[in-house]
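Positions are given from 1, in the same order as the sequence printed here. FYI, side chains are in, hydrogens and waters are out, and symmetry mates aren't considered; it's all heavy atoms of this structure. The structure presented is a predicted model; accordingly, all values stated were derived computationally and were not measured. Remember, it's 1-based here, ligands and their atoms both numbered in the order they're listed.
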Amino acid sequence: MTFPDYNLFCSRVAEVNARIAAACARAGRPVASVELLAVTKNHPATAAEYAARYGLRAVGENRVQEGVEKRPQCAAPIAWELIGHLQSNKARLAATHFDRIQSVDSEKLINLLDRAAAELGKVLPILLQINAGADPAKFGAEPADASRLLALALTKPALRVEGLMTIAPLSDDPAVARRSFANLREIRDRLAGESGVPLRELSMGMSGDLDAAIAEGSTQVRVGTALYGERT
Ligand SMILES: *Cc1c(COP(=O)(O)O)cnc(C)c1O
């Protein structure tokens with residue numbers, strides 16, 4: 001799979017949308033309940049242009065600096081979401097240049113992002129990233145800390161918590177990913193019950209495991225490889 005021209009990109013989106021539709025049908029969910037986020041990391045700004053031209057709402061980037069450099073090169077209007085680990089010294093830059101930050105996983109980041117967003121005069125949408133698969137190799141808050149982080153974030157006037165995000169552990173056994181997706185949904189249901197905030201967004205599932213994620217309630221799948229090919 002190489003980087004596609006626009007026509008090939010369109011047929012790959014159609015294939016991914018067919019997978020999403022099939023998974024929704026199996027789960028008895030409306031197809032419009034799952035959004036496709038195009039993950040453009042390690043690809044040229046053209047990747048974001050394609051997504052915008054197709055009519056997708058948003059693209060996902062892994063690294064702050066890469067998104068900051070690429071965004072001005074993409075003339076087409078589209079939302080930019082940060083899905084990769086955020087270091088505290090980049091919090092202000094991220095709050096300035098991204099429309100939503102999915103990788104919020106510490107009190108320190110919540111404090112810094114709120115301050116930066118307030119100074120920018122905006123309300124910044126965020127997701128809390130939870131290490132729902134207890135993967136030692138992954139970032140994300142521990143499930144046991146999720147209540148505390150949410151409570152703090154809900155006191156911040158310049159942040160809007162829209163839901164949760166997770167990355168499943170890499171495993172040959174598909175049941176491992178599925179369990180971590182189910183776990184994220186259970187954590188969301190518990191937090192929503194405790195806080196009274198709906199936390200509607202469940203960002204979970206990638207090219208290899210989006211079907212299992214949708215079965216467990218994903219509302220946004222983050223797909224790179226199946227759209228743009230292997231990253232170099
Ligand atoms: C790279 C990345 C993706 C996309 O992964 P693919 O397997 O290429 O679809 C999704 N989410 C995050 C957080 C990523 O870093």
Side-chain angles (χ1 to χ4, degrees), residues 1-4 8-9 11-20 23 34-48 50-51 54 56-68 70 78-87 90 94 98-106 109 125-141 162-174 176-178 180-181 183-184 201-232:
M1 290 237 303
T2 50
F3 191 77
L8 182 54
F9 172 78
S11 63
R12 288 180 183 168
V13 175
E15 283 169 24
V16 171
N17 278 338
R19 277 175 69 191
I20 292 173
V34 180
E35 179 187 29
L36 172 60
L37 180 79
V39 175
T40 48
K41 69 177 185 214
N42 292 26
H43 293 299
T46 317
Y50 287 177
Y54 192 91
L56 299 181
R57 185 191 60 83
V59 294
E61 282 287 334
N62 228 39
R63 294 186 314 127
V64 176
Q65 197 56 43
E66 187 177 336
V68 168
K70 232 186 268 176
I78 192 158
W80 291 69
E81 304 207 12
L82 184 68
I83 60 176
H85 177 62
L86 177 56
Q87 291 170 306
K90 302 260 173 62
F98 285 89
D99 299 294
R100 185 164 73 172
I101 296 178
Q102 300 202 3
S103 45
V104 180
D105 64 357
S106 70
L109 272 181
I126 63 166
L127 304 181
L128 298 179
Q129 182 179 352
I130 309 294
N131 187 3
D135 184 344
K138 287 281 167 1
F139 293 106
E162 297 185 330
L164 306 181
M165 181 271 234
T166 200
I167 305 172
L170 271 182
S171 169
D172 295 334
D173 178 3
V176 170
R178 182 143 182 177
S180 63
F181 298 143
N183 195 26
L184 191 72
E201 192 86 285
L202 282 180
S203 172
M204 57 189 198
M206 321 201 295
S207 294
D209 55 20
L210 66 89
D211 317 86
I214 291 169
E216 297 296 349
S218 171
T219 60
Q220 186 190 62
V221 292
R222 308 178 305 264
V223 178
T225 308
L227 298 178
Y228 299 112
E230 308 291 344
R231 289 174 291 269
T232 45

Inset, instruction - Please answer whether the main-chain N or O of Val34 pairs with a side-chain N or O of Thr219 as donor and acceptor at a distance below 3.5 Å. - result: no
Legend entry - Expected output: side-chain Ser218 to main-chain Met204 donor-acceptor under 3.5 Å: yes
Where does ligand 1 get N/O contacts under 3.5 Å from the protein, atom by atom?
residue	atom	partner	partner atom	Å
ligand 1	8 (O)	Thr225	N	2.8
ligand 1	8 (O)	Thr225	OG1	2.5
ligand 1	8 (O)	Arg231	NH1	2.8
ligand 1	8 (O)	Arg231	NH2	3.2
ligand 1	9 (O)	Ser207	N	3.0
ligand 1	9 (O)	Ser207	OG	2.5
ligand 1	9 (O)	Gly224	N	2.9
ligand 1	11 (N)	Arg222	NE	2.9
ligand 1	15 (O)	Lys41	NZ	2.6
ligand 1	15 (O)	Asn62	OD1	2.8

Legend entry - Near-ring test Tyr50/Phe3, centroid separation under 6.0 angstrom: yes
Inset, instruction - Report the residues that fulfil side-chain contact (heavy atoms from CB on, under 4.5 Å) with Asp209, sequence neighbours left out, ordered by chain and then residue number. - result: Ala168, Ala177, Phe181, Met206
Inset, instruction - With sequence neighbours excluded, tell me which residues meet side-chain contact (heavy atoms from CB on, under 4.5 Å) with Leu170. - result: none
Inset, instruction - Go through the structure and list residues passing salt bridge (Lys or Arg N to Asp or Glu O under 4.0 Å) with Glu216, not counting sequence neighbours. - result: Arg178, Arg185
